[in-house]
Amino acid sequence: MDIFTIFSIRVAKAIEQSFSSETLPKALLDRIVVEPPRDSTHGDLSTNAAMVIAKPLGKNPREIAAKIVEFFEQDEDVKSVEIAGPGFINIRLKSHVWHQVLASILELGSEYGRSDIGKGEKVNIEYVSANPTGPMHVGHTRGAVFGDALASLMQFVNYDVTREYYVNDAGGQVDVLAKSVFLRYKQALGEDIGEIPQGLYPGDYLVPVGQALVSEFGKTLLDMPEKQWLELVKSRVLDAMLNLIKQDLAKLNIKHEVFFSEKTLHGENGEIAKTIAWLEEQDLVYQGKLEPPKGKTPDDWEDREQTLFRASNFGDDTDRALVKSDGSYTYFASDIAYHREKYIRGFNHQIVVLGADHSGYIKRLKAAVKAISDGEADVDVRICQLVRLLRNGQQIKMSKRSGELVTLAEVVDEVGSDAVRFMLLFRRNDVPLDFDFALVKEQTRDNPVFYVQYAHARACSIFRTAKKELPDMDIGEAALKKADLSLASSPEELELISIIAQYPRLIAIAAKAHEPHKIAFYIHEVAKGLHKFWTKGKENPNLRFVNANSLNVTLTRLALVHAVNVVLKSGLAILGVNAPEKLS
RNA sequence: GGCCCCGUAGCUCAGCUGGAUAGAGCAACGGACUUCUAAUCCGUAGGUCGUACGUUCGAAUCGUACCGGGGUCACCA
């Protein structure tokens, strides 16, 4: 348990003993936080407790704070405690507390920072879900990285996470894809196909698929009616595209446990039909007309009766169509069925990662999940904003029509998976992001990827130096655990410990908010702490890590460095970024 | 026109379930290298937190309106 949690409990106890806490609503008590003060000169811990409970108790916050302070004056872990500003209670800890923290990090190793927030509950995180019509482009990359890091983060706090990819293999675009491939098939048989007609997929990546069709079927497809070859070609090209996508994702070390096929939901007795029947039983479906959107009636607006889902009963702006004018299901109809299916599989927590162009879809999706689970399940939709690619300060223009898409594979091949992942996670997901190739490849402080990895490598180099300079000394993990940690007594060392002491708290905050970027920023701060201490050793030889004159202090400092690296490595692992021992 | 996101230092952004004097990096200026990899560190300067009301002991954070930027808007996926 981390110090912030420990002291939250003590604050609660102090309140309970000093005031008649039954008059205080629990929701209010939950607002009490123990956190590091914004300004570190205020102390190690700070709590707003007195201000939160002042009002219901009808007392002055500072008066209440005084009572709580009395309690902490007895605390053997507390060096000093004072009231500040409107009623903050600032606590300064004795150094043995920091040494205990350090000891626990060494003890826990890679387990440090874990918690049981998730209580083993099942969460389904659906991300990427790019249409299987070609290789992934950069537009998909952000959602891929975000979803993957979020999944790791949730696992770290003990959620039972399933990483899922929804394969849109049922819509009209798959027919188009198959027809595009059929053209490539003819081409492979030696036919001159000329320009790829408008509306078909022009990409070269379909060429090998056409060739594969020749080696599997020879010329036989040419003699079949379209109805027949279409199904065959569809199944082959879908397999091929999905493989392409899996290869792209593998470049970023992303692996989904479940690839869920939309197609399997269709059919007479399929899940969509069942779902709609179920919704009808609940009286959530009706025949009716929709109003055209205000201020913007589409040219081809057709005023007609359609099958509608009562989405507006669940917070959506309007009801939503389930059946298209040609009688087939809408995409949304299959999506309701899909989310119902997830719910039936036991996912009461669902997270869906979508691109910026889907923001209008959120309310609809939430309404659907509420309806199909009777309010039992929750869904959080995370929108990833656009990524602008920059080269030499110039934006790289991308166009789908001309086929000039920058692919995921190109970007990863150029700058590496670590850099791509870290840069995309070093920004809140709901804000647009510039990805500058030049910066990402730079090896300076400006480049946060490098800065953080360098800190880890630097720490590792300290161990290499120690081994070289003090070959007889045992600096294995077991030896580090036995180090006399009380020797880490300088303000610089205690400051560094206080930074890594925040890791569990940060993990908890990031996991609850579904915001992996918080980990990226925190890790950056840890790296800074290490670089800072390192430089201190330059100015003051007594603060060097490796010191032949004092083996005890050396061992303690190595233990500290190791603990810092535990945190760096753990945080980077959540982000899916390597922690190199050496930089080339 | 409706809905969603964004507006914080010259630039790029953190901070947003209300809390103290609003933070970091870059750029600018001034320092620290016979190095435990200076591929780093320290310092100075830089702000009407888009605007205006409101709620509150207390607002960058919550509410309303407006301004500016982006996205989206039956039947596509």
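Sequence lines set the chain letters: A, B, ... in the order given, protein chains first and strands last, and positions in each chain run from 1.
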Tell me, which of residues 327-342 of chain A have any heavy atom that sits under 4.0 Å from an atom in RNA chain B?
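Those residues whose heavy atoms fall under 4.0 Å from RNA chain B, taken from residues 327-342 of chain A in numerical order, are Thr330(A), Tyr331(A).
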
Among residues 549-556 of chain A, which residues get a heavy atom nearer than 4.0 Å to RNA chain B?
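Of all residues in residues 549-556 of chain A, none places a heavy atom under 4.0 Å from RNA chain B.
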
Which residues share a ring-ring contact (aromatic ring centres under 6.0 Å, His included) with Tyr503(A), sequence neighbours left out
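Tyr503(A) satisfies ring-ring contact (aromatic ring centres under 6.0 Å, His included) with Tyr112(A), Tyr522(A) once adjacent residues are dropped.
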
What pattern of brackets, bars and dots sums up RNA chain B from 5' to 3', given Watson-Crick or G-U wobble pairs under 3.5 Å, [ ] for crossing pairs and | for another strand?
(((((((..((((.....[...)))).(((((.......))))).....(((((..]....))))))))))))....

Give every pair of a protein N or O atom and an N or O atom of nucleotides 5-9 of chain B that lie under 3.5 Å apart, one pair per line with the distance.
from	atom 1	to	atom 2	distance (Å)
C5(B)	O2'	Asp430(A)	O	3.1
C6(B)	OP1	Arg428(A)	NH2	3.4

Which donor-acceptor pairs under 3.5 Å do the side chains of residues 448-466 of chain A make with protein atoms, sequence neighbours left out?
from	atom 1	to	atom 2	distance (Å)
Gln453(A)	NE2	Asp418(A)	OD2	3.0
Gln453(A)	NE2	Asn578(A)	O	2.9
Tyr454(A)	OH	Arg458(A)	NE	3.1
Tyr454(A)	OH	Arg458(A)	NH2	3.4
His456(A)	ND1	Ala579(A)	O	3.4
His456(A)	ND1	Pro580(A)	O	2.8
Arg458(A)	NH1	His531(A)	ND1	3.0
Ser461(A)	OG	Arg458(A)	O	2.9
Arg464(A)	NH1	Glu581(A)	O	2.9
Arg464(A)	NH2	Glu581(A)	O	3.3
Thr465(A)	OG1	Ser461(A)	O	2.9

Does a side-chain N-to-carboxylate-O contact under 4.0 Å join Lys342(A) and Glu126(A)?
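Result for this pair is yes, salt bridge flagged.
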
Quick one: list whatever passes side-chain contact (heavy atoms from CB on, under 4.5 Å) with Gln287(A), sequence neighbours left out.
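So Gln287(A) forms a side-chain contact (heavy atoms from CB on, under 4.5 Å) with Glu305(A), Thr307(A).
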
I'd like to check the side-chain contact (heavy atoms from CB on, under 4.5 Å) partners of Leu575(A); sequence neighbours left out, ordered by chain and number.
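side-chain contact (heavy atoms from CB on, under 4.5 Å) list for Leu575(A), sorted by chain: Phe422(A), Leu425(A), Ile519(A), Ala520(A), Val577(A).
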
Could you list all the salt bridge (Lys or Arg N to Asp or Glu O under 4.0 Å) pairs where at least one residue sits in residues 521-549 of chain A, not counting sequence neighbours?
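Counting only pairs at least two positions apart or across chains, the salt bridge (Lys or Arg N to Asp or Glu O under 4.0 Å) contacts touching residues 521-549 of chain A are Glu495(A)-Lys532(A).
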
Do any pairs count as a salt bridge (Lys or Arg N to Asp or Glu O under 4.0 Å) and have a residue in residues 429-439 of chain A, sequence neighbours left out, and if so which ones?
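Counting only pairs at least two positions apart or across chains, the salt bridge (Lys or Arg N to Asp or Glu O under 4.0 Å) contacts touching residues 429-439 of chain A are Arg388(A)-Asp434(A), Arg428(A)-Asp430(A).
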
From [atom1] of [X] over to [atom2] of [N], roughly how many Å is that when rounded to an integer?
X         : N      : atom1 : atom2 : result
His524(A) : C26(B) : NE2   : C1'   : 11 Å
Glu515(A) : U17(B) : CD    : P     : 10 Å
Ile519(A) : A14(B) : CD1   : C1'   : 14 Å

Decide if the gap between the ring center of Phe260(A) and the ring center of Tyr338(A) is smaller than 6.0 angstrom.
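For Phe260(A) and Tyr338(A), the ring centres are under 6.0 Å apart.
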
Quick one: which protein N/O atoms are closer than 3.5 Å to N/O atoms of nucleotides 54-62 of chain B? Pair and distance per line, please.
from	atom 1	to	atom 2	distance (Å)
A60(B)	N6	Arg38(A)	NH2	3.3

Run the side-chain donor-acceptor check on residues 166-180 of chain A: report pairs under 3.5 Å with partners two or more places apart or on a different chain.
from	atom 1	to	atom 2	distance (Å)
Asn168(A)	ND2	Glu262(A)	OE1	3.3
Asn168(A)	ND2	Tyr331(A)	OH	3.4
Asp169(A)	OD1	Ser261(A)	OG	3.4
Asp169(A)	OD1	Glu262(A)	N	3.1
Asp169(A)	OD1	Lys263(A)	N	2.7
Asp169(A)	OD2	Ser261(A)	OG	2.6
Gln173(A)	NE2	Asn168(A)	O	2.9
Asp175(A)	OD1	Lys234(A)	NZ	2.9
Ser180(A)	OG	Val176(A)	O	2.7
Ser180(A)	OG	Tyr201(A)	N	2.9

